[in-house]
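So the structure is just underneath, and the comments pick up after that.
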Amino acid sequence: MPAENVKNMSVVTQIKEATVKAISHLYGINLPGREILVNATKPEFEGDYTVVLFAFVKQLKKSPDALGQELGDTIVAQNPDLFTSYNVIKGFLNLSIADSYWLQFVTKEFTNAHFGYADPNNQRVMVEYSSPNTNKPLHLGHLRNNFLGRSIAEILKANGNEVAKTCIVNDRGIHICKSMIAWQMYANGATPASTNTKGDHFVGDYYVKFNDEYKRQIKELTEKNIPEELAEKEAPIMKAAQQMLLDWEAGKPEVKELWQHMNSWVYAGFDATYKRIGSDFDKTYYESSTYLLGKDLVTSGLEKGVFYQKEDGSVWIDLTADGLDEKLVRRKDGTSVYITQDIGLAEQKQKEFNAGQSIYVVGDEQNYHFKVLKLICQKLGLPSADGIYHLSYGMVELPTGKMKSREGTVVDADDLVEEMVNFAKQKTEELGKVKDFTPEELTELYDIIGLGALKFFLLRVDPKKKMVFNPEESIDFHGFTGPFIQYTHARIKSILRKAGGETVLQTSDSKLQTLLPLEKELSIHLEMFPSILQDAATEQDPSKVAIYIFNLAKIFNSFYTEHSIGNAENAEKKALRLQLAQLTAQVIKNGMSVLGIRVPERM
RNA sequence: GGACCGGUAGCUCAGCUGGAUAGAGCAGCUGCCUUCUAAGCAGCAGGUCAUUGGUUCGAAUCCAAUCCGGUUCACCA
């Protein structure tokens, strides 16, 4: 292996390889590196990294102690540059890494603005996220979706993938017609401009009005002793909406025109929100132009015998052998269902982007749907099939329970963003550290902090799990939060400015040989960043990055409190600590960047 | 009823491919700003890892059963 590659390998990988080599050397057995478990050594023991020996004690027919001694001797002897010593406690081989290794690492990387990012790997990945409906504005759940989608895309990019971000807009269907009917009934020609209302909220208000009137009509009918089920069907306003949907499908000009008009208001509103929260897409699909896709695939699937037709003419697939149910793919009237469109769209996207992997960021209530989708595509033998991956995320709940639009407990995305930014403003003013900022700089700073807090809050937990959104806690800027990390970054930048920048940092041929405990701990943590980014990509889990950067910031703050950086004991120490500070700032910046969070120079 | 997901400190969450005495943050209590940003640091306190059984050198982690919570199983999208 070329020397350059060795240098770029993570310490953990190097330890695994050293262990493999030592075992092979001592016992003539070749173990795969992934079978070797390497952990950070617990603080109460001496050493930096620990090889857990129990796993191969049996295979090598050695006592843990003897094995540890022999392995330790060999590993240290074979890698004198990397290790200084070892100790064995029970079945744990604790290895101490040479301080010179960390010194070398810090000196090499502290000017590397791309530290942690991998070279292009020629793989294409598609990430579909956001998927809004055009009958109401975005809410808290959409925010989790948008932040996750955007972040996964950035994490994949950082790992060398070429990423295409797409969005599918649900712009047709009965829900849109409800808003349209209500607008016709109540608006008297009002527009977002005439009422000075953001377009998506404007249209959403009529959706609410529809439901209010619908409820009232149902009540009126049930009071006339009409059964509730029938009343729900017979309410005049619902019948009007259904008629409008039929007219839309028939292409009736005045309906289409109204539809386009109202959707354009909504898009203007969405655009503003997307711009504010940092969501963007390489391509947007509209269901109004994709909902007929997949019909030909049903036909060919029938010919192949993947699907079967029932007596009434409806077309199905039997997935009971795969532990699922029978699933309809075409109605008896010949129209297609939701999943048919998804199959067709998967194929279309495959043709357009030819991505090896296609990630759908969609809530976990659709787990079954995506299982079925992938299975059907596989049975049809479609090229897109194996790359389909559902990044399933849990619902966002309030401390009081689920968000329900009917009960008015939905947290609106725009409102929440404004609230967070205002809180950032209030907090910043209280602290009074940036009184010399221009109004523009202040506005930008409030955005950075407020949005940073919100994004970090929603990204810091495992996507798969449902989470509770507590307004009081989420608005906190202390502890495990975005602003805490941003603050650490700003603090480092302040130190670097005061230290006079580059010239001090360039002291390269330092005579330093040893590190103090916190200097070493910080170095070790910094070195982990590239493998954390890889992990986050493999697991498709941004929270791995969030947790890592938080811990990094904590370690830096301890280091900062304990040791003077700008006024270090001597020139070598000063140079080292400035390098450590700069690399920490860089890792915070790069890590926050894949979460879609900016970091300020001052705050 | 079937399938899937979850239950860890008062609250919100890490840890889950089995490894050393289960970790953070918030809330509570003590200290620390005339030296690099106190949106910070140091410390105290807080746990039958839902319950029971099993697998083994070792279980929060794996298996089984039970209890609790959620999602889903539409000729809706």
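Atoms considered below: every heavy atom in the structure, side chains included; atoms not considered: hydrogens, waters and symmetry mates. Chain identifiers are assigned alphabetically (A, B, ...) following the order of the sequence lines, protein sequences preceding nucleic acid strands; residue numbering begins at 1 within each chain.
The partner of B:G69 is B:C5, by the rule that a Watson-Crick or G-U pair needs both atom distances under 3.5 Å. With a cut-off of 3.5 Å on both Watson-Crick or G-U wobble distances, the partner of B:A14 is given as none. The partner of B:C62 is B:G54, by the rule that a Watson-Crick or G-U pair needs both atom distances under 3.5 Å. B:C41 and B:G31 make up a base pair, with Watson-Crick or G-U wobble contacts both under 3.5 Å.
Each of A:T41 and A:V468 lies near RNA chain B, and the nucleotide nearest A:V468 is the one positioned closer to the 5' end.
Between A:Y487 and B:A39, a side-chain N or O to OP1/OP2 separation shorter than 4.0 Å is present. Between A:S494 and B:U37, a side-chain N or O to OP1/OP2 separation shorter than 4.0 Å is present. Applying the 4.0 Å criterion to OP1 and OP2 of B:G15, one finds that A:K544 has a side-chain N or O inside that range. Phosphate contact (OP1/OP2 of B:C26, side-chain N/O of A:R460, threshold under 4.0 Å): absent. At B:C36, none of the side-chain N or O atoms of A:R577 fall inside 4.0 Å of OP1 or OP2 (strictly under the cut-off). Of the side-chain N and O atoms in A:S558, one or more sit less than 4.0 angstrom from OP1 or OP2 of B:A42. OP1 or OP2 of B:U37 has at least one side-chain nitrogen or oxygen of A:K498 nearer than 4.0 Å. At B:U72, none of the side-chain N or O atoms of A:N367 fall inside 4.0 Å of OP1 or OP2 (strictly under the cut-off). For A:H478, a side-chain nitrogen or oxygen approaches OP1 or OP2 of B:G40 to under 4.0 Å. Between A:K42 and B:A20, a side-chain N or O to OP1/OP2 separation shorter than 4.0 Å is present.
In this entry the distance linking CZ of A:F457 with P of B:G25 reads 16 Å, nearest Å. The CG atom of A:D462 sits 13 Å away from the P atom of B:C5 (whole-angstrom rounding). Atom P of nucleotide B:U37 and atom CE of A:M603 are separated by 14 Å, given to the nearest angstrom. Atom CZ in A:F477 sits roughly 13 Å away from atom P in B:A39 (whole-Å rounding). Rounded to whole Å, the distance from NZ on A:K178 to C1' on B:C76 is 10 Å. When rounded to the nearest whole Å, the span between OH of A:Y560 and P of B:U35 equals 10 Å. Distance A:I492 CD1 to B:G40 P: 14 Å, rounded to the nearest Å. The distance between atom NZ of A:K465 and atom P of B:C4, rounded to the nearest whole Å, is 18 Å.
Using modelled atom types and a 3.5 Å distance limit, the side chains of A:N135 and A:S179 yield no donor-acceptor pair. A donor-acceptor contact closer than 3.5 angstrom is absent between the side chains of A:T481 and A:D476. A donor-acceptor contact closer than 3.5 angstrom links the side chains of A:Y308 and A:E326.
As rounded to the nearest Å, B:G70 and B:U55 have C1' atoms that lie 30 Å from one another. B:U56 and B:U12 are spaced 37 Å apart, taking the P atom of each and rounding to whole Å. A distance of about 36 Å separates the C1' atoms of B:U21 and B:C4, rounded to the whole Å. A distance of about 14 Å separates the P atoms of B:A24 and B:G46, rounded to the whole Å. As rounded to the nearest Å, B:A20 and B:A27 have C1' atoms that lie 31 Å from one another. One P atom belongs to B:C41, the other to B:A59, and the distance between them is 36 Å to the nearest Å. Between the C1' atoms of B:A60 and B:G47, the separation comes to 11 Å (whole Å). Here the separation of B:U34 from B:U30, taken at their C1' atoms, is 24 Å to the nearest Å.
Salt-bridge check for A:E128 with A:K349: passed, with a basic side-chain N closer than 4.0 Å to an acidic carboxylate O.
Within 4.0 Å of A:L324, counting heavy atoms only, lies no atom of the nucleic acid at all. Here A:G566 lies in heavy-atom contact (under 4.0 Å) with a base. Heavy atoms of A:R602 sit under 4.0 angstrom from at least one base atom. Residue contacts shown for A:E287 are limited to sugar-phosphate atoms, with no base heavy atom under 4.0 Å away. Heavy atoms of A:T428 sit under 4.0 angstrom from at least one base atom. Within the 4.0 angstrom heavy-atom criterion, only backbone atoms of the sugar-phosphate kind lie near A:I547; the bases stay farther away. A:S564 comes within contact range of at least one nucleobase, with a heavy-atom separation under 4.0 Å. Using a 4.0 Å heavy-atom distance criterion, A:H489 is classed as making no nucleic acid contact.
Using a 5.5 Å limit on the distance between ring centres and a 30° limit on the angle between planes, the aromatic ring of A:F480 does not count as stacked on the six-membered base ring of B:A24. Where stacking is scored as ring centres under 5.5 Å apart with planes under 30°, A:F92 does not register as stacked on the base of B:G19.
Side-chain to base pairing of A:N470 with B:C11: no donor and acceptor N or O lie closer than 3.5 Å to each other. Side-chain to base pairing of A:T50 with B:A20: one donor and one acceptor N or O lie within less than 3.5 Å of each other. Put simply, the side chain of A:N94 and the base of B:A20 share a donor and an acceptor less than 3.5 Å apart.
Between A:F484 and A:Y487, the gap from one ring centroid to the other reaches at least 6.0 Å. Residues A:F477 and A:F423 place their aromatic rings such that the two centres sit under 6.0 Å apart.
In A:E44, the CD atom is crowded: over 12 heavy atoms of neighbouring residues, nucleotides or ligands sit closer than 6.0 Å. Atom CD of A:E228 is surrounded by 12 or fewer heavy atoms from other residues, nucleotides or ligands within 6.0 Å.
Among the nucleotides B:A24, B:G19, B:G15, the one closest to the side chain of A:K554 is B:A24. Of the candidate nucleotides B:C75, B:C73, B:C26, B:C73 has the atom nearest to the side chain of A:D325. For A:F484, the side-chain atoms get nearest to B:C41 when compared with the rest of B:C36, B:C41, B:C75. When distances run from any side-chain atom of A:N567 to the nucleotides B:A14, B:U35, B:A20, the shortest one goes to B:U35. Comparing B:C36, B:C13, B:A20 by their nearest atom to the side chain of A:E44 picks out B:A20. Closest contact between the side chain of A:K427 and the listed nucleotides B:A39, B:G19, B:C41 involves B:A39.
The aromatic rings of A:F457 and A:F469 stand perpendicular to each other, their planes meeting at an angle above 60°, with 30° marking the opposite boundary.
A:D462 pairs with exactly one of A:R460, A:K465, A:K464 by the salt bridge (Lys or Arg N to Asp or Glu O under 4.0 Å) rule, that one being A:K464.
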